[in-house]
Amino acid sequence: MKNKNNFNLLDCTLRDGGYYNNWNFSLKLIQNYLNEISKTDINYVELGFRGFFKNKNLGLTGYTDDNLIKKLKFPNPLKIGVMINASDLYKNNFSPLKNLKRLFPKINKKIFFVRFACHAEEVFGLKDSIDWLSNKGISVFINIMQVSELDLDNLKKICIYLKRENIKALYFADSLGALEIKKFKKINKFLKKYWNKDLGLHAHDNLNLALKNSEYAIKNNFRWIDSTIMGMGRGPGNLKTEEIIKKFNKNQVSIINKLKNKYFNKLKQKYKWGTNKYYREAAKKKIHPTYIQNMLADIKYRKKDYETILKSLANEDAKKFNPHKLFLSSNIYNKQKKGKWSPSNELTGKNILILGPGQNAKKNKNKLIKFIKNKNLYVIVLNTIDYMPEKFINLRAICHPKRIIYDYRHFNETNTSIVAPISSMPQKLKNFLIADNKVIFDYGLHVNGQKKIIINKNYCSLPKPLTSLYSLAITISAKAKKVYVAGFDGYSNDDPFSDETNYYLKKFLKSFKNIKLTSLTKSKYNFPSLIL
């Protein structure tokens, strides 16, 4: 968009919105989106990411490769680009430039710009990459993340460093959604002193300030403003394209509404992005919004535990998203410690049922109870699963450090026996569990952080402390006669959680082909099935 205020509106719906549907936008949606956007004053579209080094679980705009670009028609005057996470360029012990060339084996002339998303410290290694792209005729944007936390001394260094580089604009992303006008004014005053090229803003909407901050940026000569349709984007989302267009060209709102009605209303109903009290609280406590997005989306976490999770994250450095901080503590289970209990003492020769959290098991609860009675099954449930009456549960498996902290009241109140890697835990974590009214079996766990799966008599070594893997390891160690599972529905390909859980469960099944395992409910995993 170019108007009397002399700024460009860059729509990045298909890139930022992919954090909700794993970038699984259909080719038809993408083409229709491009056709309609071209009828507005929006001249720049960020089509998706170029990166991740070909993660096969991602959809079309997760990698935005040349095959996709060849299939699309780009109506005039649209100029398209892609984003690269600078962190991807520092992988595999290669130089950033070498990794960049891996991402662009050939230069596609249809790509007008590349935007690097950088943490402050990552900027200073990009000179060769900026030069290489510029020499190929590609415009380069540098997007500095977490502007609300940016130290002014670091900002000065960045400005001085980039002044000599051929970049289109210096962008700032309000990654934590914590940028308030008072802080923005301070940054803007500083920029006027040290920067004389174009500036851009990518506003998040945790505090409902995306529009206000963007309007302030425009009034203060920021030439580039990001937006997405309905605000679709990581966490609470971004400045809404329809809102900013309405401010400057009301006649074009109907074009965006056409896209909303055809595609994006359905997507929002499904993924439910948008600000809420948890995102607002996260912004105030400087917690990365992806923690909240994952917490709200994952059925493992219960609503009554959300405040506890927020408090826990607030006590850590949670400004950068690290899934380990939500799903595990990386300094726990990193030493190989044997447990005091061997599953073979209790479970050898038994027929076992492991119950996961999937909806298919909840829907078939009565059929499962009947099957448990008929087969005289030994039942193991994962974490706080409560759809099965306690009298039918023999053992509750737990191992996630965070889940133990969040759910300790539930574990302590129940009389059901628990299996947990007690000997592998630090004392602070052990203190959360009370054995007064139950038996706690101690089966050890070592988290190797790699792809290894090792199962021994009284401990297992796993890539990550997923309770599903831990439970399966117990049944293998016990040499169970027969193992059934239910509620292992699996994540769909457009679910951000699919990468981790699907990958490791499939790897587990591939590693232990001899296990006699049958699913009693529908599942995405490659289980032999006996659907009830």
Side-chain angles (χ1 to χ4, degrees), residues 327-356 375-383 385 393-401 403-404 411 416-427 429-430 432-435 438-485 488 501 503-519 525 527-528:
F327 302 116
L328 67 103
S329 297
S330 56
N331 62 339
I332 296 176
Y333 306 142
N334 61 353
K335 293 181 180 179
Q336 192 163 310
K337 288 189 177 180
K338 298 178 180 179
K340 296 178 181 177
W341 177 70
S342 172
S344 60
N345 295 341
E346 182 85 10
L347 307 178
T348 297
K350 291 187 182 296
N351 294 319
I352 297 174
L353 169 62
I354 302 176
L355 291 178
K375 297 289 185 179
N376 190 28
L377 300 182
Y378 187 97
V379 179
I380 301 174
V381 300
L382 309 187
N383 299 310
I385 285 172
I393 300 173
N394 300 97
L395 197 60
R396 190 174 293 276
I398 58 176
C399 65
H400 272 272
R403 291 304 304 271
I404 292 168
F411 299 139
T416 304
S417 297
I418 286 173
V419 57
I422 299 296
S423 293
S424 308
M425 296 178 183
Q427 190 59 46
L429 191 58
K430 291 180 190 178
F432 280 93
L433 298 175
I434 299 172
K438 70 181 71 63
V439 175
I440 299 181
F441 296 104
D442 177 17
Y443 184 68
L445 172 62
H446 168 243
V447 173
N448 54 57
Q450 301 172 19
K451 296 181 180 180
K452 298 177 182 177
I453 299 174
I454 301 168
I455 300 173
N456 287 307
K457 183 178 179 181
N458 51 12
Y459 82 95
C460 60
S461 181
L462 304 173
K464 295 191 177 184
L466 298 171
T467 312
S468 52
L469 300 187
Y470 183 65
S471 300
L472 287 168
I474 288 168
T475 64
I476 292 172
S477 175
K479 298 179 181 177
K481 183 178 179 181
K482 178 76 177 177
V483 180
Y484 299 94
V485 297
F488 281 58
T501 307
Y503 174 81
Y504 287 114
L505 263 175
K506 286 176 181 177
K507 180 173 178 57
F508 195 102
L509 294 171
K510 190 175 180 180
S511 300
F512 297 92
K513 293 180 180 178
N514 294 330
I515 181 173
K516 295 179 179 179
L517 194 149
T518 302
S519 181
Y525 306 115
F527 298 136

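Heavy atoms only: backbone and side chains are in, while hydrogens, waters and symmetry mates are out.
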Greater than 12 external heavy atoms within 6.0 Å of [X]'s [atom1]:
X	atom1	value
Lys438	NZ	yes
Lys482	NZ	yes
Lys340	NZ	no

Are any of the side-chain heavy atoms of [X] and [Y] separated by less than 4.5 Å?
X	Y	answer
Ile474	Ile354	no
Ser468	Phe488	yes
Tyr333	Pro401	yes
Met425	Leu433	yes
Tyr443	Tyr470	yes
Ile440	Ser417	no
Pro463	Val447	no

What is the distance from atom [atom1] of [X] to atom [atom2] of [Y], rounded to the nearest 0.5 Å?
X	Y	atom1	atom2	value
Ser461	Ile455	OG	CD1	10.0 Å
Ile454	Cys460	CD1	SG	10.0 Å
Ile418	Cys399	CD1	SG	12.5 Å

Item to complete: Using modelled atom types only, decide if a donor and an acceptor are shared between the side chain of His400 and the backbone of Pro465 within a distance under 3.5 Å.
Response: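 Here the side-chain-to-backbone pair exists.
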
Worksheet item: Judged by atom type as modelled, is there a donor-acceptor pair below 3.5 Å linking the side chain of Asp442 to the main-chain atoms of Ser423?
Response: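 Checked: pair present.
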
To check you understand the geometry: which heavy-atom pair defines the closest contact between [X] and [Y], and what is its length?
X	Y	value
Arg396	Thr416	N-CG2, 4.2 Å
Phe411	Ile404	CE1-CA, 4.0 Å
Gly444	Ser424	CA-OG, 3.7 Å
Ser511	Ile453	OG-CD1, 4.5 Å
Asn456	Ser477	O-OG, 3.0 Å
Leu382	Ser471	CD2-OG, 3.0 Å

Discussion item. Does Leu347 form a side chain to side chain contact (heavy atoms under 4.5 Å, CB included) with Thr475? I'd like the steps, not just the answer.
Written reply: CA-CA 8 Å; Leu347 307 178; Thr475 64; 5.6 Å; no

Worksheet item: side-chain contact (heavy atoms from CB on, under 4.5 Å) with Asn351: which of Asn376, Leu377, Val483?
Response: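 Looking at Asn376, Leu377, Val483, the match for Asn351 under the side-chain contact (heavy atoms from CB on, under 4.5 Å) is Leu377.
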
Fill in: side-chain contact (heavy atoms from CB on, under 4.5 Å) partner of Val381, chosen from Asn394, Thr467, Leu355
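One option only clears the test, and that one is Leu355.
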
